[in-house]
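Structure first, commentary second.
Counting starts at 1 for both ligands and their atoms, following the listed order. Model, not experiment: these values are computed from the prediction.
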Amino acid sequence: MTTSPDRDELASVLRFTAREAAAYLEALDQRRVRLPDVERALTHFDTPLPERGSGALAALEELWGKGLDATIATSGPRCFHFVIGGTTPAALGADMLAAVLDQPAYAWVISPLGVHLERVVLRWLTELFELPADLSGIITTGATMANYVGLGAARAWWGEQHGVDVAEQGLSGLPGVPVLTSGFVHASTKKALAMLGIGRSALVQHARDAAGRIDLAALERNLLALDGAPAILIANAGEVNAGEFDPIEALADLADRYSAWLHVDGAFGLFARLSPRTAALAAGIDRADSITVDGHKWLNVPFDCGFAFVRDVKLLAKTFAYAAAYLPDPADPRPQFGNLGPESSRRSRAFAVWASLRAYGREGYRTLVEHDLDLAAALARQVDAAPDLERLAEVPLNIVCFRYNPGGLDDAALDRLNARLGDALLEDGRVYAGTTRYMGKVAFRPAFVSWRTRAEDIDLLVSIVRELGAQLRG
Ligand SMILES: *Cc1c(COP(=O)(O)O)cnc(C)c1O
């Protein structure tokens with residue numbers, strides 16, 4: 001038995017992987033999202049570091065054989081929790097090949113195809129979303145890091161307005177950075193502001209109601225009060241409870257009028273631009289200075305993948321470039337993504353993105369988006385028709401916000417019932433959807449971004465919520 005890596009292991013590893021991957025994907029539509037024995041499966045792995053290894057095939061057999069029961073079928077058709085995309089066949093295949101090639105997409109010299117395809121897909125995405133062709137960008141690990149990159153560029157711009165190179169000198173001695181947004185802002189923005197040294201408390205939310213809808217007049221009053229000092233505006237294109245949008249044109253107008261930076265978080269909402277049915281929601285995003293969008297959500301490429309776009313690429317270089325004698329000259333015109341984002345060595349995520357866009361094109365993605373819009377509309381109809389379900393919001397996009405409400409209970413009792421029902425639904429595992437608080441009420445908010453979900457999966461979600469709800473009440 002081999003205990004150090006050996007070329008002879010590869011054939012059996014690849015055979016095992018291909019066979020098991022095929023069997024898993026074949027059965028994925030039927031698979032429970034979560035199995036009952038998660039905890040037991042996990043305990044298998046609580047062992048000391050082995051002194052002597054098992055060899056590759058045995059390790060993989062153990063990982064798969066003992067571990068599979070503790071995974072969540074996130075790429076299957078019934079994972080409606082958070083905003084979880086599937087993986088298209090083209091993206092999956094390309095991502096596996098990216099692992100085979102093991103290319104760090106840091107710079108041209110070490111991954112010419114990786115960094116070239118990254119440029120190509122960023123351009124393709126500006127075409128897909130009908131954004132200005134001169135936007136620059138970078139692939140990130142997700143929308144959190146895309147927010148970090150976009151707001152990092154905003155911070156560099158803000159420093160310049162104060163005559164300071166923030167990447168060089170830091171923020172000390174400067175006033176606080178004003179960051180203004182609505183109540184729709186995603187929690188990851190606060191995380192990005194924390195990481196950037198701007199601070200979570202710099203964020204001021206202007207909401208006119210409990211759903212978080214923007215109070216534009218209050219926001220403009222606060223801009224005016226800054227008396228010409230530079231500020232950052234964040235527009236939210238697709239919030240996570242009901243899929244609503246800030247009025248982006250209006251925010252772009254304010255950004256123009258007050259010379260503010262406009263950042264748009266369109267992690268999944270940017271895909272509204274792909275369908276004429278929803279494009280108006282996302283109008284005005286082309287006027288942003290920086291834009292966030294996710295890859296592993298509605299683009300259906302594997303975890304992890306997101307995109308940050310900026311109008312002025314110099315601000316990225318200013319923030320993220322670094323140099324050392326053994327590294328490429330930063331002035332080399334060939335792509336150096338390690339100098340445009342937080343990571344230096346980076347997985348070649350462009351392989352999967354390129355393959356999926358090449359395989360399905362604009363039409364394929366419009367079909368995917370409209371398929372998910374149809375599913376959300378179908379769920380809304382079923383909720384409306386069910387006597388024990390109550391829809392809590394309009395469905396502008398792909399999220400349906402509702403609660404179980406059998407009648408005769410006050411809001412506090414309904415909150416307790418729906419919170420228990422939320423736990424029960426995850427525990428049951430046939431379908432997966434979490435709860436949130438919307439307008440103060442505990443509610444479900446299933447989100448549809450997968451190509452795999454079918455109408456029957458929606459039927460199942462409704463019947464299981466009602467079944468478990470009735471059990472809990474009884
Ligand atoms: C999911 C999401 C994020 C965070 O994205 P990650 O890819 O998980 O980092 C940020 N903003 C919005 C609106 C989101 O939906």
Requested in this report: Kindly indicate whether the side chain of Arg346, heavy atoms from C-beta on, has any atom under 4.5 Å from the side chain of Ile139.
Outcome: yes
Answer yes when [X] and [Y] have at least one side-chain N-carboxylate O distance shorter than 4.0 Å, and no when they do not.
X      : Y      : result
Asp457 : Arg452 : no
Arg347 : Asp95  : yes
Lys441 : Asp411 : no

Using a 3.5 Å cut-off on N/O to N/O, what pairs does ligand 1 make with the protein? A line per pair would be great.
residue, atom, partner, partner atom, Å
ligand 1, 5 (O), Asp294, OD2, 3.3
ligand 1, 7 (O), Ala143, N, 2.9
ligand 1, 7 (O), Asp294, OD1, 3.0
ligand 1, 7 (O), Asp294, OD2, 2.8
ligand 1, 7 (O), His296, NE2, 2.7
ligand 1, 9 (O), Ala143, N, 3.3
ligand 1, 9 (O), Thr144, N, 2.8
ligand 1, 9 (O), Thr144, OG1, 2.6
ligand 1, 11 (N), Asp265, OD1, 3.3
ligand 1, 11 (N), Asp265, OD2, 2.7
ligand 1, 15 (O), Lys297, NZ, 2.8

Query raised in the report: Taking only residues two or more places apart in sequence or in another chain, which ones pass ring pair (Phe, Tyr, Trp, His ring centres under 6.0 Å) with Phe448?
Result: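 If we apply the ring pair (Phe, Tyr, Trp, His ring centres under 6.0 Å) test to Phe448, skipping adjacent residues, the hits are Phe80.
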Report task. Could you verify whether a donor N or O on one side chain and an acceptor N or O on the other, from Thr140 and Tyr148, lie under 3.5 Å apart? Result -> no
